[in-house]
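Shown next, in structure tokens, is the structure this report addresses.
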Amino acid sequence: MTANVITQNNATATDSHGQASPFPDPLPRIPLVWGPDTYETLTHQICSITEQSPPRWWWPAFLISSGLLTGGLLAATYLISTGVGVWGSNNPVNWAFDITNFVFWIGIGHAGTLISAILFLFRQKWRTSINRFSEAMTIFAVICAAVYPGIHVGRFWYAWFMFPLPNANHIFQNFRSALLWDLFAVSTYFTISLIFWYVGLIPDLATLRDRAKSRFRQVLFGLLSLGWRGSTRHWRHYEVAYLMLAGLSTPLVLSVHSVVSFDFATSILPGWHTTIFPPYFVAGAIFGGFAMVLQCLIPARAAYKLHNLITIKHIDVMCKFLLATGSLVGYAYVMELFIAWYSGNPYEWQTFVNRAWNGDYTWAYWVMITCNLFLPQLFWIRWCRQTPGFVLLVVTCINVGMWYERFVIIVQSLHHDFLPASWGRYYPTWVDWLQMLGDFGLFFTLTLLFVRFLPMIALAEVKSILPMSQPHYRFASAERYLRDESGRYPTAEHALAAHYGPPAPPRSTIPPANEPVPAFLPTPEGSGQPWGVVAEFANAQELLHAAQAARQKGYTHLDAWTPFYVHGMKEAIGRQRSRLPLFTLAGALTGLATAVSLQFYLMTYYYPTIVGGKEYRSWEAFVPVFFELTVLFAGFFTLFALIGLCGLPRLFHPLDAHPTFHRVTQDGFFLTIEATDPIFDADQSREFLQSLGGHHVAVVER
Amino acid sequence: MNPANYLRREVRTEAAQQEFPGFVNIYSGSGLAEPHDEDVSTAHWHRRQFLVYSLAGAAAASLASCRRPDQPILPYSAVPEDRLGHVVHGLPTFYATTQPRPFGSLPLLVESHDGRPTKIEGHPRHPATRGSTDAYAQAAILDLYSPDRVMSPHSCSVVERGMLRRWEDFDRFARSLAERFRSIQGQGFAVLTEQVPSPSLRRIRDHLRQQWPQAQWYTYEPIDYAEVLRGTELAFGQPLLPTPDLEKIDCLLVLDSDCLGIDLDGLVQARRWARRRQGPPQLFNRLYVVESTWTLTGFMADHRLRLPASLIGGFLLALIQELSTSLPQKLPEIPASLSASWKQALPESARRWLGPLARDLLRHRGRCSVLVGYRQPAVVHALAHTLNVALDAVSHWEFRPPPPEMLEAGLSALAEALQAGRIDTLVILGGNPVLNAPADLQFPAALRQAKTTIRIGLYYDQTSEVCHWHLPLAHFLEGWGDTESSDGTLCCIQPLIEPLQGFPTSPADQEAPPRGGRSALEILALLTQFPHPRDGKPVTSYHSARTAAYELIRMVFASRAGLASDDPQLPLAFQRYKQLGFLPPEQDQQRRMAVRPTLRPLSDIQRALPSSLPSPPQRNALEVTFHPDYSLYDGRYLYNAWLQELPDPVTKLVWDNAALISPQTAQDFGLTTGDVVRLQHDLYQLEIPVFILPGQADHSIALHLGQCGEIRIAHVAGGGGTNVFPFRTSQARYILTQVRLEKTARRATLVTTQEHGVIPQGRDIVREVDLSKLRPSASSAGHAAERGDKTSPDRNSSFSAHHNSLLGLPPDGHLSEEDLRRGYQAGYGQVPPPPLPARDKQRRFPLDLARPERLDSPFQWGMVIDLSVCTGCSACILACQVENNIPVVGKYEVQRNREMHWLRIDRYFSSADGQVADTEPRVITQPLACVHCEQAPCEQVCPVNASVHSPEGLNLQVYNRCIGTRYCANACPYKARRFNWFDYNKRPLDSLRTPTPLTPEGAALSRPLLPESLRMLKNPDVTVRMRGVMEKCTYCVQRLERAKYGAKIAATEVAQGRRTIPIDAHYRPDGPPSAYRKPQDPRSAGYDLDRWGRVIVPDGLVRTACQAVCPTQAITFGNLLDPQSAVTAAKLRAGEYALLGELNTKPRTSYLPRLRNPNPELT
């Protein structure tokens, strides 16, 4: 039936091309979530995935991926016990699969933060359906990458020499090394991404806690969610913290692959020593990251029937990203070739001739070009973008191509450098292959565990973009939905969205409580004094009006409790913008000061060494670590400021005694007036809230 | 010149020219310490006792052996006063000794650390070799400690028919043998030895002949000079060994000879030849080489003609005919039939050579020569001699009677006698005839005809397996002996260590019979009941054999020195002989004096000429030539893993040999490198992989001798090559014609350390300069002025190498040499460094932004490598390997490009247009180790500061800081860094990997460690690296450091007038209380001081291992801040360039270009 709609309307659209459109301008907006979903159905759809036993395909998939992971672990054990020689790396090609995999996975890790942070800053609300998933992938990909700096070194047990820790030799790091920048960049990126992901998860963990039936899940998610209850006083810090983290992550996304590219760009090897590398690597990383997100998302969407949330439109937009970044990467390929020729540098030119025409690894180059430059061009065609199966095929090729890109850059450049006498070829061994497959095992194992145990869609964020949460949304009738009078859809997308049915209007009634709500709610070990009065409202608009009314009445100790941040609510309860950015700034300055003093102290005073004929205090090479530590400290300060300003963790709260308050993290909207309010009076305040239309109104014992 | 400098020059001269290499002179009082009298009977114990003690620690179990005096072990602190001058704990001692070699032994200095010989150097004072050694000598130290010799019960025990025996068993057997043969006058007794000259052995032989007149004595070498001797006999009427003096020859035509490589006296000749190439360009000599395959001599040629070996005689005939018009009366007449046949046989390229070559020879008449290699038949030698006489060149030649060993009956006679049953008991001393005898002699079968065969050998090899008795031979560093170098100088073989006894590997092993070798003299003295020189009684016990051998050497010395055995001067003179290691030729009373032969009538030679020349080799009748291997020679170094892994200078093959064919031949037969082919000739056939080598003569196949088809080194898998001896017959020992080739379906894995031979377009890597283009008449001078070159006036401006004459990178795009040179921070002494504040006023934190960090030591080390004289002989690779404890890694690891050599020699083919290896390529070799960049790309990438720079300009690798990211190796544009992919220094090569089901080589679950004897081999001054650590050339930093301390101590002592007091007195616990006093003024002793008052090491005192070994002195090393040092002079020579200098890495090692002196008529 879907197909019918598409073909019909395609035809219509083609016919009407260039003629006066019968549709209003602007066209009716397509909602981001398709179908008549409510807060409750959405919560159930996502949370039940983690609450029910896994589907039948999950176990075989898990066994395969954990089997691969075990292979990777065995390979790593063998490597560490015997020596790096078990790999095929050799003298001209000192880095091969190891750093290829490392850069590949670091690149994969870029999409998550890009979707979370940059699209957040650009107010791209469609990102909410996929940001959780891609952020998780970021974490897992960086874990896969972080394996390598550890195990690829010759003496694994001394890998801690990379960290600025005091030691018996009194020698510290060389902060001029791109590899050390890399370490700082990757670990900062991992930390900030983890913080970002976790902060985003807190409201959803609270949802899981409140839905939990078993004591174990209640305790587990209770601890993980730090006692989040959707208080608007928390939301106002939370929203700013999220913005701060997004702001920190954005340059970080751009920096981390730039720094990884410095590993190559700052050396003098032909094929590595290229100024185009930082933007080229970042574009490539976004390209590969989006491909990997689609690679995982399309099967998950099909398996868990998330078509309403992750719509064809999402896939379509992401394919456009692929097209754009793929073309950027292709531009870089061409530009590298051009510059190699234009520079007249015989080494550079020979490397590229060898790469593209007559070398040992020319096949790898053309695999790369085909997968990364030619194939994505198919996405100019709408059908290619909107057919999930086909997209899956293409993104698989892109992932292969992006792996080969790193292989070509690393192995091909290394195997033929300056002196022909030292040229040599590289042949991977079984350990190389096992290690590489092990990474995929690790990645997919973590991904499978993630979809099994954590909400893979950012619920609180998706709820906030439902049409019903928009106060000014015009709900059309079912038959007119996205259509004109003659029954035609303006575009194919409209037809597709309409196929899922019109969105549900906001709820006007409140479901009854399972047990009657008494006027006074005692709490365990209560003090006998009231904590405050609480009332439930049907939807966000009613809550907002109630809060405004209460504020007009003169109440000041108000709080609104919502499943997502309701726009305008913090003003409604009399609060202002959070001061949290000050903490972020303090963190940034602390980080910068730390980086400056650490590097200058160690490199110029404590144990200065002559390195590459450079001056001890030449500061240029210290800049990457300045930046990374600045961001790292700012991120930590933001996290701790959020927790501290919200007074979290707060595992128990008097409101927990209210029989319907658990809905607050799913679909409930509550307003409270606290007993500390100067004009609080238990009976009057209760009646006041009832008069505003509140239900299940009760005074809660402190 | 100020007096301080004058004195300093004195010190330097003494240090650099007269003394031992490196630093030893500082410690040992220049080797001129007063010899003291000694009791003759204990002489050889006297200073070796310490060695005995130290060894006893390692092999305490063998102390019970009857041959060891039962003496207590003494700790070092109680070293007796009188031995103080000899062994200082922690400091090396040098002893003079000689490596016995066929046709001419090699005088050596051996470095010993606490009783362990660890490094071999050439003897700098020997008149012929002057401190050169080759790869074979460098690697000999591994044979001493080889686990296959020392740890294997078979190799180091007496074996009778596969059973382990005691030496006493053999002694008893030898006595009964002597009894038996005495009665029959030695009927049926025969000895087969190598052709190593040994005056003492000659005494035993003379005694044998006298005592047992019926006994026979044979000598044999797989590669010998029989044709050379026959050639001189034909020309001059007597067998003589001809040696040219290449220093005096301006124009040399070499025919099928590796005279600058491993042919007779190659070390000496290379040095002499190179001296002409290092001087001013007017003195340059010219070298023409005609050969069938590449040799080191061919590498160095100004003109090289590839010609099948069988046509080389024809080429010479053609040349003679070409010259006969100019020199009519003195040359043999060529029959018309013959001259017609060469016109057909010689290829066009050869014919084109004749005219220009003949004219060039005539132009250099009296200063030119023709030299023919031993592979060519006698008549070619005779022709060359007549030509040399005709060209007035014979005065540059020295003709000596060959050592008597070369004139004994050979292997064919022995095989014949064996087959006829005339030999009852055969003693085989050294050699390996079962492996390397010509195939048609059927030697193994013949050997079975003898009733008793006794093999005396270093290893339990193929011959030992066939013989009834195997007697372990002492290594030359383990037993006394004497020998002669190629110029006939008497040399002393002086042991440095008691024969190694093998290490008990298990408690049960302690019960095994005592092992260890005996010297050849000891064994033969006992076998032949040689009369003891002291009392004349026949030697019947080992104890008396031992003293007899030593006395014999003394006796030989006495007679050579012209001293009576009771001469009171003898003990002192003998002591001096041992110290010096040889008897100076002018003191030798019985030296083989050079003779001045006269030509016999030419008719003899004319009669010996063949009736027609062989037809050139064809597709269906190929030619095969046999060559000694650059690594294994004739197979005598088969057990040496270092040599097995030494890349062949030509092919860069390791652990293998191959049939070398030209690209044209390969095309004819559709072959690629690695294809196994079947060669057939008469009854013999051989299957061997081919290796395509540009520059090989077409349809001529070169086979390298030496490999035996399997690896017989314990714990080594892979390699072993092909045994080509079965394809060699006594009729065609060097050149075989009419060979058919067939391709088989099999392929073999041939592993090289360098896969690519051609430098791609536009790379300025090796520079070649054509000398003729640098003459003042050439345009380069004008070009130089045009470019505004401000070359200093002391540089020969006409010789100022300009890029226009260089091949490779066009000059204008990049930095000039001057730019590069100015860029050195240390600056070659151009910019005097600003004075530093006093030490206590210096601040550690240089906040002064105007003052960059500098390399501020008074020593700024640097190196120059002269490509003009680098022959590519690879001795430096091995010297570096020995000095720096570099492991071998095995064939499989080399296949994965993981060889560990810190120094490699890159071999590039070039041609007239400089880019592609066409049909007539040239070769340049370029030694390359870490070049110690001042702006090192490796340093800035190391995240853990393991790669840093020293203030002396050394690029240091801090092993214990290195975690093994390998980023530095990627960043290094020279790829000079080596990574320990496995525990090469801890695990045997066959168990580098932890066993897994997937690795076939991992069988055992135990973790075997390297044999103990190999740990004795290590240089204690150099860290042994573990796995996961990067390593590379250090400029032999251990030698630099020792030289600095040594100079300081020496300066102190000279200043205080205490030079004669042994250094180590200072270190004794009971020594003088204030042992080291600061000198009043070392400047008074001729030493310069740096800004902080530290003593500066005089130039020439410190030599890196590669520099010390180089036969042609291609490597110069020293302090760049010393304006008078040799390295500064070399850096200022024209054309000096930095490899990859355009990368601005500012390397401290730079190169002088390969200068060629081509004949303008031929270019």
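Please read these numbers as outputs of a predicted model, since none were measured by experiment. Letters A, B, ... mirror the listed sequences (proteins, then strands); counts begin at 1.
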Find the one option among A:S618, A:G154, A:G88 whose heavy-atom pairs under 4.5 Å with chain B are most numerous. A:G154
Partner chain A: residue of B:H949, B:R966, B:E899 with the largest heavy-atom pair count (under 4.5 Å): B:R966
Need one label for B:L1143: side chain, backbone, both or neither, based on atoms under 4.5 Å from any heavy atom in chain A. side chain
Under 3.5 Å donor-acceptor, B:Y967 side chain and A:A178 backbone: no
Segment of B:P937 engaging chain A (4.5 angstrom heavy-atom cut-off): side chain
Chain B-proximal positions within residues 180-188 of chain A [heavy-atom distance under 4.5 Å]: A:L180
Chain B heavy atoms under 4.5 Å from A:Y601: which part of the residue, side chain, backbone, both or neither? neither
With a 4.5 angstrom heavy-atom cut-off, which part of B:F979 approaches chain A: side chain, backbone, both or neither? side chain
Test item: B:L1139 and A:L419 side chains (from C-beta on) under 4.5 Å apart, heavy atoms: yes
Sort B:C938 into side chain, backbone, both or neither according to what part of it lies under 4.5 angstrom from a heavy atom of chain A. neither
Quick one: salt bridge (Lys or Arg N to Asp or Glu O under 4.0 Å) pairs with a partner in residues 936-955 of chain B, sequence neighbours left out? B:E952-B:K1044
Does a donor on one side chain sit under 3.5 Å from an acceptor on the other, for B:E1142 and A:Y347? yes
Just give me the residue among A:W95, A:Y158, A:F175, A:W272 that pairs up with chain B most often, heavy atom to heavy atom, under 4.5 Å. A:W95
In terms of heavy-atom proximity below 4.5 Å to chain A, should B:R978 be classed as side chain, backbone, both, or neither? side chain
Taking all heavy atoms of A:V611 and all of B:Q940, pick out the closest pair and write down the distance. CG1-CA, 3.6 Å
Think B:R896 forms a cation-pi with A:Y427, using NZ or CZ under 6.0 Å from the six-ring centre and within 45 degrees of its axis? no
